Novice: 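This is the structure I want to talk about, given as structure tokens.
Treat the numbers as computed from the prediction; the structure is a model and nothing was measured. Here is the naming used below: chain letters follow the sequence lines, and residue numbers restart at 1 for every chain.
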Protein chains: 2
Amino acid sequence: MNVAETTTAARWTAGPAAAGGVGSRAVAMAPGTAVAPAAAPARSPLSKSQQAYESIKDKILSGEYSPGYRLVLAKLADELGVSAVPVREAIRRLEAESFLTFERNVGASVAGIDPTEYLYTMQTLSIVEGAATGLSAPFLTAADIGRARDINAAMRGCLEHFDPVRFTTLNLEFHSVLFEKCPNPHILDLVHRGWNRLRSLRSSTFNYVPGRARESVEEHERLLQLLEGGATADDVERAARGHRTATLDAYLAHSRNEAPDSVPWLP
Amino acid sequence: MNVAETTTAARWTAGPAAAGGVGSRAVAMAPGTAVAPAAAPARSPLSKSQQAYESIKDKILSGEYSPGYRLVLAKLADELGVSAVPVREAIRRLEAESFLTFERNVGASVAGIDPTEYLYTMQTLSIVEGAATGLSAPFLTAADIGRARDINAAMRGCLEHFDPVRFTTLNLEFHSVLFEKCPNPHILDLVHRGWNRLRSLRSSTFNYVPGRARESVEEHERLLQLLEGGATADDVERAARGHRTATLDAYLAHSRNEAPDSVPWLP
DNA sequence: GAGTATGAAATCGTATACGATCCATTGTTA
DNA sequence: TAACAATGGATCGTATACGATTTCATACTC
């Protein structure tokens, strides 16, 4: 066994490369999964595979490629001025992150967003974001809380001027402030993925539930007060999860016109 | 915008392909991420890309490629009797699922498992597995509970005969019974990924904490009683999460010989 | 002797080429 | 006319080829 290890020996120190101690938090984050792509070093001209990955992902998130949209390899390759091979690799990565679905000998299309998917994503996000916010709480400074409160004020402003797009953007910003200090990068990554998933639903029917926005702003304020009061991580987690679950319930009540508890598996 | 959509028109019903209703739970699961690869249809000879993916993943999980192991594209391609291209795609998928790390112009190596990683993974698993178990609880039948109890009995047997490998396997089986009925495939997928991550730590130093195994079996029994008593999903979630957190604490206490609460961010 | 240039080998990255597969359409038959 | 089989074009899957980059080992300078 371990045939390869004994060949072409000298390069690479074989054996477990215990790279990085406690500080190396970024090591396990899948690259490029952050909601806001963290300022890229941009040293060498990025590999074409990487370019393709980012380009396609951006277009999905921006809505240029809407759900169900057919992605043809050759066409993408042409648009990017590269050959098909790097595009295939990009597609594979995007598939693994469920930005799109891929079928053998058929091709790729942008991941669907049927209502069921929305439910699943929101529920998952309620759990991981709740946990992330709870874990993040002890690290939040007064300045953080202040910043969050400012954002929430701006959201209140959006209500007056009826600017749902900006409202949604600010909403992500608000929550980012609260969960971004979560010290566990895995959990943080899951939260980012969840939000990314939801981002591609913008301009879809899911986003706006009448009245929910106003309620949401108030819940934000309550959450901030909880944090200021030095609540336990557990309480914060529960509140954050509840906030998201409430949005989901509002969506369900609105779309089905029936009580949310008709979905028995929601906590 | 949406240039591609208007070309080569006829094929594919363009527009959102709302594929599948509530029943189509598998649609969003990244293929092949299950802990136990669900019986493959094996219709056409799997694409070489897929073969490569599974082969490499298996070898990582089985420990044949241990952490830090260098994966050379050409070598893998040779071993599988394919060219480099499909192997690259497999690598990309595995990278996105963080089975391995990949560096531009350098290559891939099996993902590391430094203690910090272990902590992060366990903590994440405590959260998502706890949630999955809680959501799964209402769907568990008496037969399921019985099966779990049988498995737990077998685990108790392993304690007598000192069979830690089998113990670990059974441990996964036990918990699988309890979380596998979680109706949210996203969450379930996260749980599978977490367990997969841990699987590659077998034969590593992390697995065995003296005394913890016996305690674990008892906690299992308590969890089963909770389920039989018709506890709320919330209680079950809390118990399941606590069970895993306790394992993590035991590891921390054992490895550092200091109190677990020296890690302030654990719930 | 320590540190730095240089060259060769290994390996990765991408383009191109071509066979394999699928889908939609057309043509055929009961 | 409805069901079915043949056909053709579009697209995917993979092999091969070759340039680009990194890494290691040696030779050289201070």
Novice: Expressed as a whole number of angstroms, how long is the span from B:Glu103:CD to C:dA10:P?
Specialist: 21 Å

Novice: If you only use heavy atoms from C-beta on, which nucleotide in C:dT14, D:dT22, C:dC22 is closest to the side chain of A:Val106?
Specialist: C:dC22

Novice: Is A:Leu71 touching bases, backbone alone, or none of the nucleic acid, heavy atoms closer than 4.0 Å?
Specialist: sugar-phosphate

Novice: Figure out the CG/P separation between A:Leu80 and C:dG13, and round it to whole Å.
Specialist: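 Going from A:Leu80 (CG) to C:dG13 (P), I get 18 Å.
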
Novice: Provide, to the nearest angstrom, the distance between the NZ atom belonging to A:Lys48 and the P atom belonging to D:dA20.
Specialist: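 It works out to 11 Å between those atoms.
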
Novice: Is the backbone N or O of A:Ser98 less than 3.5 Å from a side-chain atom of A:Arg197, with the two atoms forming a donor-acceptor pair by type?
Specialist: yes

Novice: Between P on D:dC24 and CZ on B:Arg70, what's the gap in Å once rounded to a whole number?
Specialist: 9 Å

Novice: When you measure from the side chain of B:Ser126 to the backbone N and O of B:Thr245, does any donor-acceptor pair fall under 3.5 Å?
Specialist: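 Not a single qualifying donor-acceptor pair exists.
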
Novice: Taking A:Arg92 first and then A:Glu89, would you say they form a salt bridge - that is, a charged N and a carboxylate O separated by under 4.0 Å?
Specialist: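 Answer for the salt bridge query: no.
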
Novice: Starting at atom CG of A:Leu100, determine the distance to atom P of D:dC12, rounded to an integer number of angstrom.
Specialist: 12 Å

Novice: Would you mind reading off the distance between A:Asn105 atom CG and C:dC23 atom C1', rounded to a whole angstrom?
Specialist: 11 Å

Novice: Within this structure, what is the CZ-to-C1' distance between B:Arg104 and C:dT14, rounded to whole angstrom?
Specialist: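 Rounded to whole Å, this separation is 11 Å.
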
Novice: Between D:dA10 and A:Lys75, is there an OP1 or OP2 to side-chain N/O distance shorter than 4.0 Å?
Specialist: no

Novice: Is there a donor-acceptor contact under 3.5 Å from the side chain of B:Ser109 to the main chain of B:Arg70?
Specialist: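 Here the side-chain-to-backbone pair does not exist.
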
Novice: For the pair made of CG in A:Leu76 and C1' in D:dT11, what is the distance, rounded to whole Å?
Specialist: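 Taking CG of A:Leu76 and C1' of D:dT11, I get 12 Å after rounding.
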
Novice: Nearest-nucleotide wise, let me know which of B:Phe102 and A:Ala84 is further upstream toward the 5' end of DNA chain C.
Specialist: B:Phe102

Novice: Any side-chain N or O of A:Arg88 under 4.0 Å from OP1/OP2 of D:dG13?
Specialist: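 Yes, because at least one side-chain N or O of A:Arg88 sits under 4.0 Å from OP1 or OP2 of D:dG13.
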
Novice: With distance as the sole test, does A:Ser55 use its side chain to make a donor-acceptor pair with the main-chain N or O of A:Gln51 at under 3.5 Å?
Specialist: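 Not a single qualifying donor-acceptor pair exists.
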
Novice: On the nucleotide D:dT14, are OP1 or OP2 found under 4.0 Å from the side-chain N or O atoms that B:Ser83 carries?
Specialist: no

